[in-house]
Amino acid sequence: MNSLWNRFKYSVQADLHTLFDKKESKNPIAMLNQYLREAEKQTESIGKLLERQSKLKAALQKELKEAENMAEKRRSQLELAKAAEEGDLISFAENEVLAYETRAAELSESISETAYELMSLEQKFEEMKHKVKDMKVRQLQLMGKENVTRAHRRMDQFISPGAKESGIGSTAEMKKYIEDLGGKIDREFEISSMERRLESLEKNTAKDVEIV
């Protein structure tokens with residue numbers, strides 16, 4: 001069940017990545033993001049291969065040590081067999097010494113080759129990690145440039161009288177809006193002032209009538 005859910009989750013994530021990248025196909029940052037995702041996956045995969053190669057080298061070294069120990073043991077036993085003049089044991093021990101020495105020689109050569117290959121792979125792996133890091137730096141640089149471009153565009157739309165934005169986009173539109181708003185407030189204040197004077201006149205007239 002968990003395996004099925006993981007496959008579904010990764011499939012959805014892949015589809016989302018594809019959808020977003022298609023939507024922003026004209027955006028170099030989207031392309032770089034996709035490339036970075038692939039590079040990071042490859043880096044992780046190669047890292048595991050290097051780890052496996054290192055373990056194989058260690059296994060070969062273990063086999064070499066065992067072969068050398070057994071060769072030394074059989075050489076010692078060969079001397080005992082010769083001293084005891086045991087012909088069949090001498091023959092067996094000689095064959096054993098030869099087999100272990102041959103194995104040790106082959107293992108030693110394999111370890112040398114493996115060590116050289118591992119060093120070469122590690123150097124390339126470090127170079128690859130630097131490339132990925134450089135791409136991440138480039139990603140940040142592009143994101144910074146994109147932000148600056150967007151900021152400039154919005155400021156230009158605000159400053160330029162010909163800007164076309166919803167609401168108040170330019171300084172000219174802002175100025176007109178403020179003037180219109182100011183005129184409306186002045187008119188409302190004037191109306192209110194007149195209404196207060198009329199009410200005051202009405203009250204004063206009523207008082208005069210009462211006195212008379």
Side-chain angles (χ1 to χ4, degrees), residues 1-76 95-157 165:
M1 185 66 181
N2 288 335
S3 177
L4 180 61
W5 164 248
N6 286 333
R7 287 200 300 271
F8 173 74
K9 180 176 66 175
Y10 296 144
S11 175
V12 171
Q13 288 175 346
D15 291 341
L16 285 175
H17 287 318
T18 302
L19 176 64
F20 291 147
D21 288 343
K22 283 183 178 179
K23 186 178 179 181
E24 301 179 5
S25 59
K26 295 181 180 180
N27 187 347
I29 295 179
M31 297 174 64
L32 186 56
N33 288 344
Q34 176 65 23
Y35 193 76
L36 266 174
R37 283 194 295 270
E38 294 299 327
E40 287 174 344
K41 287 180 182 178
Q42 290 183 22
T43 302
E44 183 180 356
S45 176
I46 292 172
K48 291 179 180 179
L49 290 175
L50 285 175
E51 183 180 355
R52 183 170 182 267
Q53 188 72 4
S54 181
K55 289 180 178 179
L56 289 171
K57 179 186 172 184
L60 287 171
Q61 289 172 330
K62 181 180 178 181
E63 292 291 336
L64 174 61
K65 186 175 181 179
E66 290 181 1
E68 289 175 340
N69 289 339
M70 287 301 299
E72 182 62 29
K73 181 179 179 179
R74 291 291 187 257
R75 278 192 291 267
S76 179
N95 289 334
E96 284 283 288
V97 168
L98 179 61
Y100 282 117
E101 285 180 344
T102 301
R103 183 180 300 167
E106 291 177 353
L107 286 167
S108 181
E109 184 178 354
S110 294
I111 289 171
S112 296
E113 292 177 358
T114 302
Y116 175 79
E117 291 169 352
L118 182 60
M119 183 180 66
S120 177
L121 288 172
E122 286 175 343
Q123 289 176 345
K124 288 184 178 181
F125 186 58
E126 289 300 317
E127 182 180 351
M128 184 176 183
K129 288 194 292 185
H130 282 300
K131 292 288 185 183
V132 173
K133 191 67 175 179
D134 289 341
M135 283 190 289
K136 287 184 177 179
V137 171
R138 181 57 176 161
Q139 180 189 40
L140 293 174
Q141 291 172 338
L142 286 174
M143 289 173 67
K145 288 183 178 181
E146 184 186 44
N147 285 337
V148 169
T149 301
R150 287 182 178 180
H152 276 301
R153 186 183 300 118
R154 291 182 181 180
M155 285 189 289
D156 289 342
Q157 289 171 345
E165 286 287 327

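Checked for salt-bridge contact, E63 and R103 miss the test: no charged N lies under 4.0 Å from a carboxylate O. Salt bridge annotation for E127-K131: absent, with no cationic side-chain nitrogen under 4.0 angstrom from a carboxylate oxygen. Of the charged side-chain nitrogens involved, at least one lies within less than 4.0 Å of a carboxylate oxygen, so that E126 and K129 count as a salt-bridged pair.
The side chain to side chain contact (heavy atoms under 4.5 Å, CB included) test with E101 is passed by exactly one of E96, E106, R75: R75.
Across all non-hydrogen atoms, the minimal contact from L107 to A67 is CD1-CB, 4.3 Å. Considering every non-hydrogen atom in both V132 and L36, the closest pair reads O-CD2, 3.8 Å. When all heavy atoms of A39 and M135 are compared, the pair lying nearest together is CB-CE, 3.7 Å. Considering all non-hydrogen atoms of both residues, F125 and I46 come closest at CD1-CG2, 3.6 Å.
Taken to the nearest 0.5 Å, the CD atom of E117 stands 11.5 Å off from the NZ atom of K57. In this structure, CG in L64 is found 9.0 Å from CG in N69, a value given to the nearest 0.5 Å. L121 CG to M119 CE: the interatomic distance, rounded to the nearest 0.5 Å, is 10.5 Å. E51 CD to L118 CG: the interatomic distance, rounded to the nearest 0.5 Å, is 11.5 Å. To the nearest 0.5 Å, the span separating CG on L60 from OG on S108 amounts to 10.5 Å. K65 NZ to Q61 CD: the interatomic distance, rounded to the nearest 0.5 Å, is 10.5 Å.
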Could you please spell out the steps behind the side chain to side chain contact (heavy atoms under 4.5 Å, CB included) verdict for E122 and Q53?
CA-CA 10 Å; E122 286 175 343; Q53 188 72 4; over 6 Å; no

Quick one, K48 with E44, criterion side chain to side chain contact (heavy atoms under 4.5 Å, CB included). Give me CA distance, side-chain angles, the key distance, then yes/no.
CA-CA 6 Å; K48 291 179 180 179; E44 183 180 356; 4.0 Å; yes

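Heavy atoms of other residues, nucleotides or ligands lying less than 6.0 angstrom from CD of E38 number more than 12.
Proximity of a side-chain donor or acceptor of S120 to a complementary backbone N or O of Y116 within less than 3.5 Å is not detected.
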